Amino acid sequence: MKFSLSQIAEILQAKIEGDPHIEIHDLSQIDAGKAGSITFLANPKYTPYIYSTEASAVIVGEDFVPQQPVKAALLRVKDPYTAFSQLLLKVNELLHPPKKGIEQPAYIDETATIGQDVYIGAFAYIGPGAVIEDGAQIYPHSYVGAYSRVGAGSVLYAGVKVYEHCVIGKACILHAGACIGSDGFGFAPQPDGSFLKIPQIGRVVLEDQVEVGANATIDRATVGTTLLRRGTKLDNLVQIAHNVEVGEHTAIAAQAGIAGSTHIGKHCQIGGQAGLVGHLRIADRTKIDAQSGVARSIREPGHAFRGSPAQPYHRQLRSEIVFRKLDELQKKVHELEKVLADNGESA
Amino acid sequence: MKFSLSQIAEILQAKIEGDPHIEIHDLSQIDAGKAGSITFLANPKYTPYIYSTEASAVIVGEDFVPQQPVKAALLRVKDPYTAFSQLLLKVNELLHPPKKGIEQPAYIDETATIGQDVYIGAFAYIGPGAVIEDGAQIYPHSYVGAYSRVGAGSVLYAGVKVYEHCVIGKACILHAGACIGSDGFGFAPQPDGSFLKIPQIGRVVLEDQVEVGANATIDRATVGTTLLRRGTKLDNLVQIAHNVEVGEHTAIAAQAGIAGSTHIGKHCQIGGQAGLVGHLRIADRTKIDAQSGVARSIREPGHAFRGSPAQPYHRQLRSEIVFRKLDELQKKVHELEKVLADNGESA
Amino acid sequence: MKFSLSQIAEILQAKIEGDPHIEIHDLSQIDAGKAGSITFLANPKYTPYIYSTEASAVIVGEDFVPQQPVKAALLRVKDPYTAFSQLLLKVNELLHPPKKGIEQPAYIDETATIGQDVYIGAFAYIGPGAVIEDGAQIYPHSYVGAYSRVGAGSVLYAGVKVYEHCVIGKACILHAGACIGSDGFGFAPQPDGSFLKIPQIGRVVLEDQVEVGANATIDRATVGTTLLRRGTKLDNLVQIAHNVEVGEHTAIAAQAGIAGSTHIGKHCQIGGQAGLVGHLRIADRTKIDAQSGVARSIREPGHAFRGSPAQPYHRQLRSEIVFRKLDELQKKVHELEKVLADNGESA
């Protein structure tokens with residue numbers, strides 16, 4: 001890549017403060033910027049780095065006021081994070097044009113349907129009746145089971161496994177090792193203490209623009225559908241159990257787990273390693289902090305929760321503050337008891 | 001599938017309340033039931049749905065007493081969950097007859113032994129000296145290392161990895177991406193702060209009827225055996241460290257982790273995201289709640305634990321209730337101090 | 001294997017107490033020792049087993065003083081754990097000589113560079129411009145993306161996925177299903193509540209002697225490098241987010257997760273299921289207990305932390321002790337209130 005700063009300013013519709021002829025050939029983090037690179041400042045935590053960065057240019061907010069001289073040129077935009085990501089998109093398109101063609105050996109069942117401009121990597125497996133729509137990219141070692149569908153423009157990176165009868169929407173991204181459609185964890189305890197397996201004959205549906213992280217797992221429904229709605233983003237190693245529903249544009253961070261039949265609303269944010277028990281209803285725009293454990297439904301939209309068991313965010317914080325020195329509270333109570341006892345006032 | 005209600009009643013040995021000629025062609029969840037489908041009511045949480053479900057029939061307990069009119073026909077059985085799962089088994093057999101035959105290309109070492117009626121999918125790898133017993137199904141991209149054995153009727157879904165010298169019993173189910181036999185996490189810290197790797201030369205043995213979830217991991221023993229006894233069920237993304245033993249018919253929910261050399265009894269239930277430290281002994285029929293952290297052995301069978309660090313279930317609950325408003329307790333103590341100070345009574 | 005006890009003593013530079021002619025043909029755990037095997041005693045928890053073990057010999061510390069008669073022969077060394085692991089290394093070399101040669105079918109792009117004495121298993125995929133250095137072992141179903149490098153002597157077990165432009169150092173071990181180089185979880189929230197994907201165009205670099213557990217995931221940097229320094233050890237199912245750095249000889253136990261841009265020092269130990277939020281700095285030699293949640297940077301090296309949110313180890317323990325019977329503390333406060341109220345002293 002090679003751009004002048006003025007070319008970048010045009011792409012981002014940014015105002016330049018500095019030399020528009022500077023040549024940019026790389027992107028960088030603000031704390032690791034090198035000459036010839038452009039970076040951005042969005043998180044205030046990183047503001048000190050703008051005064052020392054070696055980067056040649058920094059994308060900043062319209063209202064950024066330097067407290068010291070800044071060596072780098074500035075590009076002013078409304079939202080620096082979004083602007084930087086637009087730039088990344090541009091560079092990414094140059095670096096990674098979509099792959100096309102079918103490498104050999106691949107296994108494509110003769111009853112499968114393969115669209116136009118598709119990539120199927122070596123050792124990929126496309127089962128009977130499966131459909132790979134136009135422009136989909138199926139990397140090596142991926143498995144698309146019988147009668148499953150991969151929507152137009154979706155990408156399955158290396159070693160993704162989609163069991164039979166599942167649906168991947170359009171423009172989805174499934175990272176390496178993700179498993180879609182494994183059996184839900186359902187067993188009927190028998191009188192002798194053993195388990196009778198409940199067959200899981202439902203399916204998984206991912207609507208459009210869903211992203212699934214590496215080695216994440218999404219179980220098929222017992223009956224019916226495990227459903228991730230449009231724009232849902234799952235991070236690595238997330239577990240979605242059978243018959244779960246996740247609403248539009250909800251993001252779930254790494255290693256979080258959602259137990260069976262829980263329905264999560266839209267625009268929710270679930271932190272890393274959080275756990276939700278089964279059969280809950282979580283309202284839209286709920287935020288669950290990392291490592292929280294949610295055991296009750298949340299009916300009112302737009303609130304934040306924290307802790308295990310989770311409670312409203314600020315309530316939990318207040319308890320946590322006291323917990324930090326709980327032994328001192330205990331000591332005070334002992335002292336009070338002693339004072340009262342010394343005064344002969346104990347009951 | 002297509003059954004009359006009376007046919008289903010016969011399969012389940014159920015009493016019919018309603019029209020025995022109703023035609024059933026699908027199974028459904030009670031809150032998503034459609035005409036022509038049969039569902040069930042086991043969890044009392046879902047009782048309200050029985051009065052509104054569109055399902056044509058509902059399997060209920062013998063003692064279910066409707067509080068309002070129910071439109072659906074009823075099938076009365078002793079245990080509705082088990083009955084519904086028997087029905088699922090029947091449907092599942094129709095939908096998924098066992099796969100047979102060897103797809104090409106597959107890699108089967110000439111010294112491997114392949115039984116009768118086996119399925120080996122394309123791109124499966126069977127190493128030297130490995131044994132695949134009768135009726136086993138090895139899906140595409142699965143790997144069976146040298147001298148490992150897969151028992152009769154067991155299923156390895158796509159991309160399962162079994163390292164060398166491991167044993168998978170009969171009628172086991174290993175879901176996509178499960179790893180059996182990876183090295184235990186064992187290192188001897190050296191004086192310079194680096195780690196000397198402890199070779200892991202033991203193995204993993206899964207007895208019969210063990211189920212392992214998608215992307216779960218089971219490490220081989222340092223020496224000896226990491227052992228999952230008959231009927232153990234592991235959910236997705238569970239971690240079993242080296243030299244762990246899990247007793248018969250114990251169930252471990254998603255993302256739980258068991259550290260090295262811990263022995264878990266039989267008929268235990270470990271909740272999701274729970275963690276057990278190493279070298280523990282856990283008595284039979286112990287229940288560990290989700291997200292608990294167990295750091296001590298549990299000697300007495302049949303008890304429930306919760307929290308991190310875990311303590312007896314009800315003890316933990318009592319502490320949790322106070323924790324929820326811990327700041328108010330602190331405030332009361334401050335007030336008491338003030339009262340005593342005002343009265344000149346502080347020590 | 002077959003050794004005399006004196007041969008083993010020579011390998012370990014150990015002093016023999018017992019018959020040097022005893023024949024040893026297996027290694028065992030002390031609580032599962034069989035005649036003809038050698039075991040070791042390092043963890044004092046296991047001391048009682050030395051008086052009952054059936055093992056023919058036990059490696060013990062120089063200062064071990066038996067409290068009862070020991071039937072087994074003793075080999076005295078400075079550090080029994082390290083000595084046993086040296087013995088394991090010896091046995092491991094005999095059992096598992098490095099694999100060599102290229103099995104068919106494998107996919108090796110014509111622009112890839114393959115070193116001497118390399119093993120490439122069937123169904124392995126080596127992309128364009130990739131480099132596999134001398135003596136590396138690439139097991140079946142592993143994927144090495146375009147322009148990635150696998151250093152000399154490194155092992156990728158079955159089904160490891162390395163995305164493009166990543167670097168695996170020398171003498172690294174990547175266990176089955178590990179994913180290196182998946183996209184970081186980066187999205188810019190848009191005004192309509194949807195997410196704009198931030199392309200992740202950085203890379204992952206593993207320095208030499210790094211070990212990565214089964215199904216662990218390491219995301220590529222947004223820009224720049226996600227970096228695991230020399231000797232880092234990751235257990236199974238660990239998640240390393242984009243732009244994380246981990247210092248030399250740091251060990252991270254199973255299912256722990258490190259969020260984006262956090263930098264961990266060298267010689268740290270992170271317990272299982274622990275979580276660290278993003279953008280932190282963790283000093284050298286920090287210990288984080290299992291299941292802890294770290295939300296603040298740790299500036300001073302060499303301290304231990306515990307809890308969620310984490311605080312200094314002993315401080316946390318003191319609070320935990322009070323928490324165990326928090327309801328009793330509450331009861332005492334109620335009693336004090338009552339005493340004061342009875343005396344007419346409430347404010």
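In what follows, chains are A, B, ... by sequence order, proteins preceding strands, each numbered from 1. Nothing here was measured: the structure is a model prediction, and the numbers come from that model.
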*State the OG-NZ distance between B/S297 and C/K45, to the nearest 0.5 angstrom.*
6.0 Å

*Begin from the C-alpha positions of B/Y107 and C/E103 and carry the test side chain to side chain contact (heavy atoms under 4.5 Å, CB included) through to its verdict.*
CA-CA 9 Å; B/Y107 183 99; C/E103 293 172 352; 3.6 Å; yes

*Can you measure from CD (B/Q190) to NE2 (C/H249) and round to the nearest 0.5 angstrom?*
10.5 Å

*Examine whether an atom of C/A32 lies under 4.5 Å from a heavy atom of chain B, and if so say whether it belongs to the side chain, the backbone or both; otherwise answer neither.*
neither

*Flag the one option from C/Q255, C/E211, C/R230 with the top tally of heavy-atom pairs under 4.5 Å to chain B.*
C/Q255

*What residue in B/P105, B/A216, B/A259, B/S194 has the most heavy-atom pairs under 4.5 Å with chain C?*
B/S194

_Quick check on C/L234 against chain B: is it the side chain, the backbone, both or neither that has a heavy atom closer than 4.5 Å?_
backbone

*Quick one: CG on C/D26 to CD1 on B/I201, what's the gap to the nearest 0.5 Å?*
7.0 Å

*Where is the tightest heavy-atom contact between B/I198 and C/S85, given as atom of each residue plus distance?*
CD1-CB, 2.9 Å

*asked:* Please classify the contact between C/V333 and chain B as side chain, backbone, both or neither, with a heavy-atom cut-off of under 4.5 Å.
replied: both

*Apply side-chain contact (heavy atoms from CB on, under 4.5 Å) to C/S142 and list each qualifying residue two or more places apart in sequence or on a separate chain.*
C/I138, C/L156, C/V160

*Among C/D79, C/N215, C/L336, which residue forms the greatest number of heavy-atom pairs with chain B at distances under 4.5 Å?*
C/N215

_Structural part of C/I252 lying under 4.5 Å from a heavy atom of chain B_ = backbone

*Checking heavy atoms, do the side chain of B/A214, its backbone, both or neither come under 4.5 Å from chain C?*
neither

*Which of B/G193, B/S308, B/A221, B/G224 touches chain C most, by non-hydrogen pairs under 4.5 Å*: B/G193

*For C/A254, side-chain contact (heavy atoms from CB on, under 4.5 Å) partners two or more places apart*: B/Q239, C/D235

*Would you say C/K90 has more than 12 foreign heavy atoms packed within less than 6.0 Å of its NZ?*
no

*Roughly how far apart are B/Y163 OH and C/H175 NE2, rounded to 0.5 Å?*
5.0 Å

*Could you grab the distance from atom CD of B/Q200 to atom CG of C/L88, nearest 0.5 Å is fine?*
7.5 Å

*Relative to chain B, which of C/L329, C/L95, C/L27, C/D31 shows the most heavy atom pairs under 4.5 Å?*
C/L27

*Please determine, among B/H279, B/Q291, B/H165, the option with the most heavy-atom pairs under 4.5 Å with chain C.*
B/H279

*Tell me, side chain or backbone of B/T222 under 4.5 Å from chain C's heavy atoms, or both, or neither?*
both

*Based on non-hydrogen pairs under 4.5 Å, which of C/Q29, C/K266, C/H267 is most in contact with chain B?*
C/Q29

_For a side chain to side chain contact (heavy atoms under 4.5 Å, CB included) check, start with the C-alpha distance between C/E328 and B/R318, then their side-chain angles and the critical distance, and finish with the verdict._
CA-CA 9 Å; C/E328 296 186 6; B/R318 286 196 297 270; over 6 Å; no

*Tell me, for B/N243 versus chain C, whether the close heavy atoms (under 4.5 Å) come from the side chain, the backbone, both or neither.*
side chain

*Give the intermediate values and the outcome of side chain to side chain contact (heavy atoms under 4.5 Å, CB included) for residues C/Y139 and B/Y125.*
CA-CA 10 Å; C/Y139 273 65; B/Y125 184 102; over 6 Å; no

_Which portion of B/A122 sits near chain C, non-hydrogen atoms under 4.5 angstrom_ = neither

*asked:* For the interface with chain B, which of C/T250, C/N43, C/L237 has the highest count of heavy-atom pairs at distances below 4.5 Å?
replied: C/L237

*Crowded around B/R281 CZ? As in, over 12 foreign heavy atoms under 6.0 Å?*
yes

*How far does CZ of B/F195 sit from NZ of C/K233, to the nearest 0.5 angstrom?*
8.0 Å

*asked:* Holding to side-chain contact (heavy atoms from CB on, under 4.5 Å), I want the full list of residues that pass it with C/K78, two or more places apart in sequence or in another chain.
replied: C/E62

*Identify which of B/F123, B/F185, B/Y143 forms the greatest number of heavy-atom pairs closer than 4.5 Å to chain C.*
B/F185

*Among C/G231, C/G213, C/A176, which residue forms the greatest number of heavy-atom pairs with chain B at distances under 4.5 Å?*
C/A176

*Toward chain B, the part of C/A251 with a non-hydrogen atom under 4.5 Å*: both

*Taking all heavy atoms of C/Q273 and all of B/G275, pick out the closest pair and write down the distance.*
OE1-CA, 3.4 Å

*Write out, in numerical order, the residues from residues 319-327 of chain B with a heavy atom short of 4.5 Å from a heavy atom in chain C.*
B/S319, B/E320, B/V322, B/F323, B/L326

_Using heavy-atom distances under 4.5 Å, tell me whether B/A295 contacts chain C through its side chain, its backbone, both, or neither._
neither

